[in-house]
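Data first, discussion second: the structure below is written as structure tokens.
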Amino acid sequence: MRYRPEIDGLRAIAVVPVLLFHAGFTAFKGGFVGVDVFFVISGYLITSIIYSDIKSNSFSIVQFYERRVRRILPALFLVSLICIPIALLSMLPDEFKAFSKSLAAVQIFSSNILFWQESGYFESGAELKPLLHTWSIAVEEQFYLFFPLFLLLFRKLNTRGLTGLLLGVTLLSLGLAEYTSGHDSSANFYLLPSRAWELSIGAILAISLPLHKEANPSFSAWASLLGLAMIIYSVFTMNKNVPFPSILTLIPVSGAALIIAYGKPTNFTGKILCWKPICGLGLISYSTYLWHQPLFAFARLREGVISPEKYFILIFISVTLAYFSWRFVELPFRNRKNFNRKKIFSGAAILSVAMITFGIAGYFHSDDLIILNDEHSRILSYLHYDRSEPYREGSCFLREEQSFGEFEQQCFSSGDTMIWGDSHAAALSYGLKNRLGELTQITASACPPFKDYIKSSRPHCSDINDFALEIIDVLQPGLIFLHANWIAYDFQGDLEKFISATVQSVLQASPKSRIVLVGGVPQWEPSLPVQLIKNGIKLQDMSFLRSEGYSKILRQDMTLKAVAKANHIDFISILDLFCKDGECLSSVRDHKDYEPFAWDSCHLTKSASLQVSEKILQKLKPPRYPQ
């Protein structure tokens with residue numbers, strides 16, 4: 001097929017938002033849609049080559065996979081190999097174990113399945129995984145594992161018939177994505193069945209466009225400009241709380257399709273995309289995409305929070321490394337004069353087996369490769385903290401898949417005090433129950449305690465919160481705590497509305513209840529145990545340690561305090577009780593034992609829950625509770 005420089009420009013438009021989104025620039029909160037644009041481009045380009053070869057009876061499966069190996073593996077191998085020594089020097093055993101597992105998964109293009117299995121509410125920060133971004137490469141290669149065979153199977157169909165068949169596949173996959181977005185958001189995001197439609201839209205373009213007459217220049221100009229606007233709109237307006245992929249993903253995907261169909265070097269959009277700096281960035285976009293995530297992840301592992309200025313430096317380094325890997329790795333390996341088919345396949349097989357072997361060894365022997373002293377080993381053991389008993393998990397703290405009908409009678413059979421909220425409330429419940437003796441607990445994973453709050457990734461939240469109000473109506477509790485990881489939710493500026501509606505509903509059901517809104521818990525990235533080790537702090541020191549999330553939690557606390565005052569309810573700030581000047585208590589003592597304040601980034605340990613509960617109850621000072 002002929003070279004289209006505007007498509008390289010479109011690659012640049014796709015990769016830049018991804019980099020800025022991963023760097024945490026809030027203006028680019030929808031930058032992840034760049035990956036969806038890449039899928040459409042890939043579907044179009046690869047199908048163009050396959051379909052052209054099939055029509056001319058020159059298609060070869062072996063040749064096709066040779067092209068894929070030349071295109072994908074050399075730079076991927078390079079980045080993976082460089083990550084290994086850096087990981088050994090900068091990671092703790094559990095981090096290296098997870099890295100090793102991902103390293104092996106990358107070699108067999110199954111990292112998307114791995115990251116889907118690892119994903120969840122209590123997962124360590126995804127942004128700390130150097131190879132996380134390879135999920136999209138895995139999705140593509142899984143698609144191309146069977147797609148050439150699909151086209152061969154239906155090669156006798158005419159263009160209209162094949163286009164109709166692909167359209168059916170597209171609609172089926174899109175329908176699945178729309179359904180799964182509300183039932184299993186992680187599987188929906190990572191797995192091929194709900195992503196295939198984006199690649200197949202590109203495939204439909206590749207098959208149908210050559211048979212259509214050249215569109216009117218004016219129409220092409222406006223259509224391609226609309227496509228660019230749709231991508232830009234998505235980058236600046238979508239966010240991680242939008243169900244994705246779903247029907248809404250049609251906006252950036254359709255934008256990419258319009259540019260592919262109508263973008264010409266002669267119209268306005270085409271001229272922008274063909275501008276040499278943009279087109280040049282598009283040429284190295286694959287290597288840029290490969291380099292940025294390891295650089296970001298290792299920097300975060302080393303420093304915790306990265307400043308915007310450092311992110312720009314990391315982006316510059318990513319682009320620089322991308323140029324050199326494109327120039328001296330990608331291009332030479334694509335040239336058959338440099339490496340014949342036998343060398344390409346044998347080299348790829350040897351390196352893949354070697355890295356899979358290293359990954360397996362690293363997974364099973366991470367403790368042998370990275371030696372820790374006894375104190376550090378004890379601290380790190382909290383990352384495997386058993387929360388089931390203190391949270392009453394599965395009975396009073398519901399998992400993502402559980403509905404309100406699975407609350408057990410013990411959760412609300414007695415007691416004049418109730419706690420309602422998400423996993424942070426479940427962590428606090430342990431201390432309250434121990435201090436008070438009895439406690440009603442209605443808590444669920446990632447469900448803030450708000451009436452009418454709807455979250456697509458947690459479809460049971462609304463019913464659980466309605467059930468909490470029913471329990472309040474029946475029990476008439478004297479004291480009700482509302483607590484959650486407030487900064488984890490996007491209330492779209494409606495926090496006051498949610499709190500007001502919830503307070504009114506509670507007081508309507510139980511007019512004499514005293515409502516207490518509890519502020520956010522200090523947070524440390526990637527986790528408090530890791531930060532304790534990297535800062536050389538012992539548990540018995542009971543030191544104050546900088547909380548990366550302090551400023552954000554403090555701003556949210558100020559909002560919560562104002563809203564609580566407006567609704568005539570109590571507000572208690574945990575930051576006021578345990579922090580000063582951006583630093584928060586990192587460990588607590590319960591009798592003779594010392595424990596971290598949090599067992600991960602932000603969930604209280606038993607000892608911390610006891611101390612936080614005691615401070616909260618002392619601050620309230622109601623006569624019927626122990627002082």
Side-chain angles (χ1 to χ4, degrees), residues 29-30 32-33 35-36 39 110-124 126 132 135-136 138-139 142-143 168-201 234 238-253 391 393-408 420-423 425-426 442-469 484-485 488-492 498:
K29 57 189 176 183
F32 53 84
V33 303
V35 173
D36 304 274
F39 283 153
S110 62
S111 58
N112 61 324
I113 298 172
L114 171 66
F115 295 131
W116 160 58
Q117 291 174 332
E118 290 181 344
S119 63
Y121 189 61
F122 294 103
E123 175 195 6
S124 297
L132 177 70
W135 73 267
S136 62
V139 167
Q142 289 164 17
F143 183 80
V169 171
T170 301
L171 293 174
L172 187 64
S173 175
L174 176 57
L176 179 65
E178 178 66 19
Y179 172 80
T180 316
S181 66
H183 292 79
D184 191 341
S185 58
S186 181
N188 185 53
F189 185 86
Y190 281 116
L191 300 185
L192 175 62
S194 51
R195 290 286 187 175
W197 67 274
E198 300 174 76
L199 290 144
S200 63
I201 282 181
S234 301
M238 292 190 176
N239 58 65
K240 62 183 180 180
N241 294 310
V242 172
F244 220 84
S246 66
I247 291 292
L248 292 173
T249 315
L250 276 170
I251 300 173
V253 166
Y391 286 25
E393 187 173 13
S395 56
C396 304
F397 169 60
L398 300 188
R399 305 180 191 93
E400 174 183 355
E401 71 276 7
Q402 291 181 285
S403 64
F404 74 93
E406 295 181 70
F407 279 113
E408 295 183 6
W420 173 16
D422 62 7
S423 60
I442 304 296
T443 55
S445 171
C447 291
F450 289 150
K451 175 180 169 59
D452 298 329
Y453 180 78
I454 297 173
K455 186 177 181 182
S456 60
S457 61
R458 292 294 191 274
H460 297 301
C461 282
S462 182
D463 290 341
I464 288 169
N465 288 335
D466 287 343
F467 178 73
L469 290 169
N485 182 16
Y489 307 103
D490 184 1
F491 297 110
Q492 300 291 330
F498 280 118

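In this chain, residues are counted from 1 in sequence order.
- Using modelled atom types, no side-chain atom of Asn112 and backbone atom of Ser136 make a donor-acceptor pair closer than 3.5 Å.
- Note that OG of Ser194 is 11.5 Å distant from CD of Glu178, once rounded to the nearest 0.5 Å.
- Between the side chain of Ser200 and the backbone N or O of Ala196 there is at least one donor-acceptor pair closer than 3.5 Å.
- In terms of modelled atom types and a separation under 3.5 Å, the side chain of Gln402 and the main chain of Gly394 share a donor-acceptor contact.
- In this structure, the separation between CZ on Phe143 and CD on Glu198 is 11.0 Å, given to the nearest 0.5 Å.
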Test side-chain contact (heavy atoms from CB on, under 4.5 Å) applied to Lys29 and Lys240, step by step
CA-CA 7 Å; Lys29 57 189 176 183; Lys240 62 183 180 180; over 6 Å; no
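- Considering all non-hydrogen atoms of both residues, Leu398 and Ser395 come closest at CD2-O, 4.0 Å.
- In this structure, Phe397 and Ser445 approach most closely via the heavy-atom pair CE1-N, 3.3 Å.
- A donor-acceptor pair under 3.5 Å is absent between the side-chain atoms of Thr443 and the main chain of Asp422, judged by distance alone.
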Please test Tyr453 against Tyr489 for side-chain contact (heavy atoms from CB on, under 4.5 Å), starting from the C-alpha separation and ending with a verdict.
CA-CA 10 Å; Tyr453 180 78; Tyr489 307 103; 3.7 Å; yes
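- Contact record, Asp36 with Phe244: OD2-CE2, 3.0 Å, taken as the closest heavy-atom pair.
- When all heavy atoms of Glu401 and Glu406 are compared, the closest pair comes out as O-OE2, 4.4 Å.
- The structure places CD1 of Ile464 at 10.0 Å from CZ of Arg458, a figure rounded to the nearest 0.5 Å.
- Distance check, rounded to the nearest 0.5 Å: CG of Leu174 to CD1 of Ile247 gives 4.0 Å.
- Judged by distance alone, with hydrogens and angles left aside, the side-chain atoms of Thr249 form a donor-acceptor pair with the main-chain N or O of Ser246 at under 3.5 Å.
- Minimum heavy-atom separation, Ser234 to Pro252: OG-CD, 3.3 Å.
- Of the inter-residue distances, the one linking His183 atom NE2 with His460 atom NE2 reads 8.0 Å to the nearest 0.5 angstrom.
- Nearest heavy atoms, Arg195 versus Phe189: NE-O, 2.9 Å.
- Two residues are said to be in side-chain contact when any heavy atoms from C-beta on lie closer than 4.5 Å; Pro245 and Asn188 meet this criterion.
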What's the verdict on side-chain contact (heavy atoms from CB on, under 4.5 Å) for Asp466 and Phe404, showing C-alpha distance, side-chain angles and the deciding distance?
CA-CA 9 Å; Asp466 287 343; Phe404 74 93; over 6 Å; no
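- Side-chain N or O atoms of Asn465 include one that pairs as donor or acceptor with a backbone N or O of Pro448 at under 3.5 Å.
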side-chain contact (heavy atoms from CB on, under 4.5 Å) for Leu469 and Trp420? Distances and angles first, verdict last.
CA-CA 10 Å; Leu469 290 169; Trp420 173 16; 3.9 Å; yes
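- Residue Trp197 holds its CH2 atom at 4.5 Å from CG of Leu250, rounded to the nearest 0.5 Å.
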